[in-house]
2 protein chains.
Amino acid sequence: MSNPQSEPTYTIGELAREFAITPRSIRFYEEQGLISPARTGQNRIYCNKDRVRLKLILRGKRLGFSLAEVKNLFELYDTNPDSAVQLETMLQLTEQKRAVLTQQLEDITMLMQELDDVEARCQEELSELKRGNIA
Amino acid sequence: MSNPQSEPTYTIGELAREFAITPRSIRFYEEQGLISPARTGQNRIYCNKDRVRLKLILRGKRLGFSLAEVKNLFELYDTNPDSAVQLETMLQLTEQKRAVLTQQLEDITMLMQELDDVEARCQEELSELKRGNIA
DNA sequence: TATGCAATTTACGTTAACGTAAACCTGAAC
DNA sequence: GTTCAGGTTTACGTTAACGTAAATTGCATA
């Protein structure tokens, strides 16, 4: 019953190379309940879903999220809530996350501006140097 | 020679309350060379520049920067480089930071989209519930 | 003078996110 | 058969960013 050319799978080493992290990290994410790959006896086999998860984990980390936070997001995404109460709380959660992201957007634009400032000052000084100023 | 109404200053407790952090954190930032407030004998006195720095530190932290990174940015901003070489390396540094921020912008927009997805699914299910579906 | 509050230094404790080392298995290649 | 690359578990080490506790100090107020 197994598809002849079912789904692409990956070893831990492959994923580690692709995302430029160590196998140790990937195992750690599993230990924390963020991924749960299949096994061939001892060895881990990662499917596409696992790979996507890894990508999401790293994205979260780049934004300064903790692994617990990322796990939180996963559960948020995976859960298929049956009660209206659950749906409401989920909406509240997404709103919270959205607030964080909005704050980060603001932070980034302000930092970008400051980088512009620094850069502009540099460029100006450089052109002054080229004109051969001493005064 | 001291201005009668020179500049607003702050105690460590005031700043801690304003930014919702502990005095311990503020002292720690000083220990790491990120701030260097004046003193009245033993006590620290923070001026406007110090306050701004604190704000910048927290902004950096929200973006997942380490304190060392933030310090790096400060030095970048403070240094008045005299040589063309220094100016060039500074431009390279700003470019690096800009790359990080750009990546974060992309990360955020993608996460936002996923939040949109989750939210849309929730809204739909909620309206279904309201219509009183069981099938 | 005593009491209390806010600040200080010193130092050890803690959590998250891995790194690193040891000891083992295992299928493919030589 | 052995070598070897890649994988496994177990366990202890490490770094960053503070928390927390203890002992001290200075100022204000009762």
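Order of the sequence lines fixes the chain letters, A, B, ..., with proteins taken first and strands second; residue numbering starts at 1 for each chain.
- Distance alone, capped at 3.5 Å, places no donor-acceptor pair between the Gln32(B) side chain and the Ala68(B) backbone.
- Sequence order on DNA chain C of the closest nucleotides to Phe65(A) and Asn43(B) puts Asn43(B) first from the 5' end.
- For Ser66(A), taking side-chain heavy atoms from C-beta onward, the closest of the listed nucleotides dA17(C), dG7(D), dA17(D) is dA17(C).
- Between the side chains of Gln103(B) and Asp107(B), at least one donor-acceptor pair of N or O atoms lies under 3.5 Å.
- Per the geometry, CD belonging to Glu30(B) stands 17 Å off P belonging to dA17(D), to the nearest Å.
- Between the NZ atom of Lys71(A) and the C1' atom of dA16(C) there is a distance of 14 Å, rounded to whole Å.
- Ranking dA7(C), dC18(D), dG19(C) by closeness to the Thr22(A) side chain, first place goes to dG19(C).
- Distances were taken from every side-chain heavy atom of Thr11(A) (C-beta onward) to each of dG7(D), dT8(D), dT20(D); the shortest belongs to dG7(D).
- What separates CZ of Phe28(A) from C1' of dT15(C) is a distance of 10 Å, to the nearest Å.
- Each of Gln32(B) and Arg39(A) was matched to the nucleotide of DNA chain D holding its nearest heavy atom; the match closer to the 5' end belongs to Arg39(A).
- If you measure from atom OH of Tyr46(B) to atom C1' of dT8(C), you get 11 Å, rounded to the nearest angstrom.
- For the pair Arg121(B) (side chain) and Tyr77(A) (backbone), a donor-acceptor distance under 3.5 Å is present.
- Interface remark: the Arg27(B) side chain does not form any donor-acceptor pair with the dT8(C) base, using a distance-only criterion of under 3.5 Å.
- Taking both residues in full, the closest heavy atoms of Leu34(A) and Val70(A) are given as CD2-C, 4.4 Å, listed atom of the first, atom of the second, then distance.
- Checking side-chain atoms of Arg59(B) against main-chain N and O of Leu111(A) turns up no donor-acceptor pair under 3.5 Å.
- Atom CD1 of Ile45(A) and atom P of dG7(D) are 12 Å apart (whole Å).
- Within the structure, a side-chain polar atom (N or O) of Lys61(B) is placed less than 4.0 Å from OP1 or OP2 of dC18(D).
- In this entry the distance linking CD1 of Ile26(B) with P of dA6(C) reads 15 Å, nearest Å.
- For dG19(D), the OP1/OP2 oxygens have a side-chain nitrogen or oxygen of Ser25(B) closer than 4.0 Å.
- Across the protein-nucleic acid pair, Leu67(A) atom CG and dA17(C) atom P stand 4 Å apart, rounded to whole Å.
- Atom-to-atom, CD1 of Ile12(A) to P of dC18(C) comes out at 13 Å; the value is rounded to the nearest Å.
- In this structure, the nucleotide among dT8(C), dC18(C), dT8(D) sitting nearest to the side chain of Tyr29(A) is dC18(C).
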